[in-house]
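Note: hydrogens, waters and symmetry copies are ignored here, and every other heavy atom, side chains too, is used.
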Amino acid sequence: MTALKNDRFLRALLKQPVDVTPVWMMRQAGRYLPEYRASRAKAGDFMSLCKNPEFACEVTLQPLERYPLDAAILFSDILTVPDAMGLGLYFETGEGPRFKKTVTTLADIEALPIPDAQKDLGYVMDAVSTIRRELNGRVPLIGFSGSPWTLATYMVEGGSSKDFRKSKAMLYDNPQAMHLLLDKLAQSVTSYLNGQILAGAQAVQIFDSWGGSLSAAAYQEFSLAYMRKIVSGLIREHDGRKVPVILFTKGGGLWLESIAEAGADALGLDWTCDIGEARRRVGSKVALQGNMDPTVLYARPEAIRQEVSNILASYGSGTGHVFNLGHGITPEVDPANAGAFIEAVHELSAKYHQ
């Protein structure tokens with residue numbers, strides 16, 4: 001494989017020295033970019049964009065053509081795994097993701113297959129290898145998956161939910177069924193992420209979007225335990241390099257210490273955490289990724305720059321910080337403001353790495 005021209009993202013995740021703090025954005029290939037909207041229109045719909053490796057590659061690279069980002073992230077969706085389990089993923093305009101079938105009983109869960117990463121999700125592996133080839137060593141490529149708990153909520157609810165009433169009812173009423181579902185998902189996600197690593201992903205992130213909706217005890221038992229299981233089964237070295245793993249639980253600030261013990265290399269933080277306080281709490285155990293409030297990008301460039309400065313100062317000197325938003329960039333953001341954000345990170349962070 002081609003040598004990396006810019007590896008500061010991987011170095012920061014492994015707490016190695018860097019010249020400036022690396023930066024990327026969750027959902028950096030997305031609707032805020034006019035070129036993404038044009039590609040999506042050309043593809044016909046969102047799933048056609050995901051399932052065509054050339055389109056997936058095209059939109060993955062679009063933000064890198066605009067901005068000096070330090071990583072690319074595979075363009076895909078967290079719900080590809082439940083789709084490969086036969087639930088029939090589709091997208092309703094204005095409604096978000098939906099499934100044609102849901103799982104409501106132990107029998108439904110027992111009938112679920114564990115997808116074969118190469119056969120059932122081969123289009124994702126093809127996208128990873130295509131993107132990696134086209135990147136030609138420019139920056140590292142991040143692969144990803146949803147966490148078992150997050151995927152389970154969509155499978156039980158049939159789509160997104162405000163209160164997760166069906167998922168939580170199953171969790172408390174029938175924990176045996178929920179544990180079986182989560183175990184199948186943990187096996188599926190492990191195989192899926194290892195497939196991405198073998199296809200060329202140089203770091204992987206697990207998105208636990210809805211772990212923060214759980215009580216403290218339920219989070220440990222029904223979310224973190226399964227992410228820990230995945231981390232222990234991942235390929236951690238490939239192509240002669242370590243493959244760092246990032247865990248991101250939105251709303252997980254209460255449990256940073258236990259997430260830091262899960263075996264990953266880095267924790268993603270949402271914007272409700274103070275990054276300096278998070279660093280004090282986890283010590284040198286893991287790197288930290290985050291964590292500017294995405295809505296700061298609606299402000300003027302001067303205000304964006306000030307917030308970047310505040311977060312860098314809170315983290316302080318030394319390595320182990322990957323700058324990111326505390327959640328995905330939103331569709332209405334002016335692309336110029338995203339550019340101001342990335343420029344500010346690189347410019348203002350140099351003094352923290354001398």
Are [X] and [Y] close enough that their ring centers fall under 6.0 Å?
| X | Y | answer |
| --- | --- | --- |
| F46 | F75 | yes |
| F99 | Y154 | no |
| F341 | F323 | yes |

Donor-acceptor side-chain pairing of T330 and Y298 below 3.5 angstrom: yes
Distance-only donor-acceptor check, side chains S167 and E157, under 3.5 Å: yes
Inter-residue atom distance [X].[atom1] - [Y].[atom2], 0.5 Å rounding:
| X | Y | atom1 | atom2 | value |
| --- | --- | --- | --- | --- |
| L234 | N194 | CG | CG | 5.0 Å |
| L49 | E58 | CG | CD | 8.0 Å |
| F55 | S48 | CZ | OG | 8.5 Å |
| L79 | M85 | CG | CE | 12.0 Å |
| S314 | H321 | OG | NE2 | 9.0 Å |
| K51 | L121 | NZ | CG | 8.5 Å |

Member of R66, R40, K42 meeting the salt bridge (charged side-chain N to carboxylate O under 4.0 Å, His left out) criterion with E35: R66
Around atom [atom1] of [X], are there more than 12 heavy atoms from other residues, nucleotides or ligands closer than 6.0 Å?
| X | atom1 | answer |
| --- | --- | --- |
| Q176 | CD | no |
| K162 | NZ | no |
| R31 | CZ | no |

Derivation of the side chain to side chain donor-acceptor pair (under 3.5 Å) call for Y219 and S258: CA-CA 10 Å; Y219 175 74; S258 51; over 6 Å; no
Given side chains that start at C-beta, do those of [X] and [Y] come closer than 4.5 Å, heavy atoms only?
| X | Y | value |
| --- | --- | --- |
| R27 | H327 | yes |
| D208 | I259 | no |
| L89 | P82 | no |
| F207 | M26 | yes |
| H346 | D70 | yes |
| D239 | R241 | no |
| P63 | L69 | yes |
| H353 | T21 | yes |

Any carboxylate oxygen within less than 4.0 angstrom of a Lys/Arg side-chain nitrogen, looking at [X] and [Y]?
| X | Y | answer |
| --- | --- | --- |
| D163 | R165 | yes |
| D108 | K101 | no |
| R236 | D265 | yes |
| E65 | R138 | yes |
| E343 | R305 | no |
| E277 | R280 | yes |

Single-linkage hydrophobic cluster, 4.5 Å side-chain cutoff, [X] and [Y] together:
| X | Y | value |
| --- | --- | --- |
| L112 | V81 | yes |
| I114 | V156 | no |
| W271 | V345 | no |
| V18 | I142 | no |
| Y315 | L14 | no |

Give a yes or no answer on whether the side chain of [X] reaches the backbone of [Y] with a donor-acceptor pair at less than 3.5 Å.
| X | Y | value |
| --- | --- | --- |
| T319 | Q16 | yes |
| D120 | D116 | yes |
| W149 | W210 | yes |
| Y67 | W24 | no |
| Q28 | A71 | yes |
| D270 | K250 | no |
| K100 | Y90 | no |
| N6 | V139 | no |
| R11 | P17 | yes |
| S145 | L193 | no |

For the student: nearest non-hydrogen atoms of [X] and [Y], plus distance:
| X | Y | result |
| --- | --- | --- |
| W255 | L214 | CH2-O, 3.5 Å |
| A299 | N337 | O-ND2, 3.0 Å |
| L10 | Q202 | CD2-O, 3.5 Å |
| Q196 | V128 | O-CG1, 3.6 Å |
| A56 | I131 | O-CD1, 4.2 Å |
| Q62 | S39 | NE2-OG, 2.9 Å |

Working for side-chain contact (heavy atoms from CB on, under 4.5 Å), residues L87 and T102: CA-CA 7 Å; L87 296 193; T102 57; over 6 Å; no
Verdict with supporting geometry, H179 and E221, side-chain contact (heavy atoms from CB on, under 4.5 Å): CA-CA 9 Å; H179 277 303; E221 183 179 350; 2.8 Å; yes
Chi angles and distances behind the side-chain contact (heavy atoms from CB on, under 4.5 Å) call for T80, Y192: CA-CA 10 Å; T80 51; Y192 182 50; 2.9 Å; yes
Verdict with supporting geometry, E257 and K285, salt bridge (Lys or Arg N to Asp or Glu O under 4.0 Å): CA-CA 9 Å; E257 292 85 352; K285 191 162 261 102; over 6 Å; no
Derivation and outcome, side-chain contact (heavy atoms from CB on, under 4.5 Å), residues E347 and V308: CA-CA 10 Å; E347 188 186 326; V308 167; over 6 Å; no
